[in-house]
Amino acid sequence: MNRTRVLRLFVLLWLTFVWVLLWGNVSAANILGGLAVGAVVMVALPLPRVDVEGRVHLRAVVKLIAVVLYYSVISSAQVAWAALRPGPPPITGVLRHRVSIQSDLVLTLLIDALNLVPGTMVLEIDKRRRLLYVHVLDVGTEKSVEQFRRIIGKYEQYFIESFERPSDWKPAPWHRDEYEGSSPE
């Protein structure tokens, strides 16, 4: 079996597992129903192929998870304090940040991680110029803006170290022209 078939089998088994969980009991009928529904979903609603364009570095992934958890806890405390403190609410705003992540998959992972941080929400992605527009809860002081820029910079650094180090990264064939032929404006 090649890698694609193994991946499809894994997805089918995962969909079957979720189906059985939704029904709440393990029975032959639920397992067969899950296999049937999973097969229909995979045929009727196929996902586009997303190639991994780099290598996974486990040590860096562990650091990335630690950094995301750390900043999530810190941000949660800041949001809680902003909600409970006396006085006016914090000044919110949208900040623009240029990313140097090249892979669409890794960029999606970065955006998911940013959206998990309390007080932030990625509003728009300019894929061609590699710009993110992020709503931030507190932009009232230069210190808070710099703190946000420091956090997003750390995230980006750890995502690059984890998934797309320059020595390991090779664009997928259909992206090669996009990455080699153009530069962000």
Side-chain angles (χ1 to χ4, degrees), residues 1-84 92 94 97 99 101-127 132-137 148 151-152 154-156 158-164 169 171-175:
M1 287 180 66
N2 64 12
R3 183 177 177 173
T4 304
R5 289 179 191 234
V6 170
L7 183 60
R8 286 180 186 229
L9 179 63
F10 173 76
V11 170
L12 180 61
L13 293 175
W14 175 255
L15 290 172
T16 303
F17 175 71
V18 170
W19 180 263
V20 171
L21 283 179
L22 288 172
W23 282 101
N25 65 359
V26 179
S27 68
N30 280 342
I31 292 172
L32 290 174
L35 287 169
V37 169
V40 168
V41 166
M42 290 175 63
V43 170
L45 306 168
L47 292 174
R49 184 176 177 191
V50 178
D51 279 347
V52 176
E53 299 171 311
R55 281 186 44 214
V56 176
H57 299 273
L58 291 179
R59 211 174 289 157
V61 169
V62 170
K63 288 180 190 176
L64 171 66
I65 291 169
V67 166
V68 168
L69 288 175
Y70 172 76
Y71 283 124
S72 293
V73 169
I74 297 297
S75 294
S76 295
Q78 290 171 339
V79 169
W81 175 245
L84 296 175
T92 63
V94 176
H97 181 76
V99 293
I101 290 175
Q102 297 173 327
S103 167
D104 291 343
L105 177 62
V106 178
L107 181 61
T108 301
L109 293 173
L110 170 69
I111 291 164
D112 289 342
L114 284 172
N115 285 338
L116 287 175
V117 174
T120 64
M121 174 63 72
V122 177
L123 300 175
E124 185 178 342
I125 306 155
D126 185 341
K127 184 178 160 187
L132 301 179
Y133 294 89
V134 184
H135 181 269
V136 181
L137 181 65
F148 166 76
I151 290 171
I152 197 170
K154 285 263 190 214
Y155 273 32
E156 186 177 2
Y158 282 113
F159 270 99
I160 289 171
E161 286 178 14
S162 298
F163 302 112
E164 63 175 38
W169 194 80
W174 56 88
H175 287 155

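Everything numeric in this text was worked out from a predicted model, so none of it was measured. Just so it is clear, the values below take in all heavy atoms, side chains as well, and ignore hydrogens, waters and symmetry mates.
Partners of Glu161 under the side-chain hydrogen bond (donor to acceptor under 3.5 Å, both in side chains) rule, at least two apart in sequence or in another chain, are Gln157. For Asn115, the side-chain hydrogen bond (donor to acceptor under 3.5 Å, both in side chains) criterion is met by no residue, not counting sequence neighbours. Take Tyr133 and apply the ring pair (Phe, Tyr, Trp, His ring centres under 6.0 Å) test, not counting sequence neighbours, and it matches no residue. Residues satisfying the side-chain contact (heavy atoms from CB on, under 4.5 Å) criterion with Ile151, sequence neighbours excluded, are Tyr71, Gln147, Tyr155. Residues passing the side-chain contact (heavy atoms from CB on, under 4.5 Å) test with Thr92 are His135, Leu137, sequence neighbours excluded. Annotation: side-chain contact (heavy atoms from CB on, under 4.5 Å) contacts of Val26 (sequence neighbours excluded): Val20, Ile31. Residues satisfying the side-chain hydrogen bond (donor to acceptor under 3.5 Å, both in side chains) criterion with Glu156, sequence neighbours excluded, are His97, Ser100. For Asp126, the salt bridge (charged side-chain N to carboxylate O under 4.0 Å, His left out) partners at least two apart in sequence or on another chain are Arg129. Evaluation of the side-chain contact (heavy atoms from CB on, under 4.5 Å) rule for Leu15 yields Val11, Val41, Met42 as partners, not counting sequence neighbours.
At a threshold of 4.5 Å between non-hydrogen side-chain atoms, the residues Leu105 and Phe163 do not count as touching. Annotation: side chain of Tyr158 is not in contact with side chain of Val68 (no heavy-atom distance under 4.5 Å).
Rounded to the nearest 0.5 angstrom, Leu69 CG and Ile74 CD1 are separated by 11.5 Å. To the nearest 0.5 angstrom, Ile65 atom CD1 is 8.0 Å from Ser162 atom OG. To the nearest 0.5 Å, the span separating CG on Leu116 from CE on Met121 amounts to 9.5 Å.
Applying the side-chain hydrogen bond (donor to acceptor under 3.5 Å, both in side chains) test to every pair with at least one member in residues 8-25, sequence neighbours left out, gives these pairs: Asn25-Asn30.
The shortest heavy-atom contact between Ser75 and Pro118 is CB-O, 3.5 Å.
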For Ile111 and Leu107, what are the C-alpha separation, side-chain angles and deciding distance, and is it a side chain to side chain contact (heavy atoms under 4.5 Å, CB included)? CA-CA 6 Å; Ile111 291 164; Leu107 181 61; 4.0 Å; yes
Before giving the answer on side chain to side chain contact (heavy atoms under 4.5 Å, CB included), spell out for Leu114 and Leu132 the whole-Å C-alpha distance, their side-chain angles and the decisive distance to 0.1 Å. CA-CA 11 Å; Leu114 284 172; Leu132 301 179; 4.1 Å; yes
Identify each donor-acceptor pair in which a side-chain atom of residues 32-39 lies under 3.5 Å from a protein atom, sequence neighbours left out, and give them as a table.
none

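Side chain of Glu164 to backbone of Gln102: a donor-acceptor contact under 3.5 angstrom is found.
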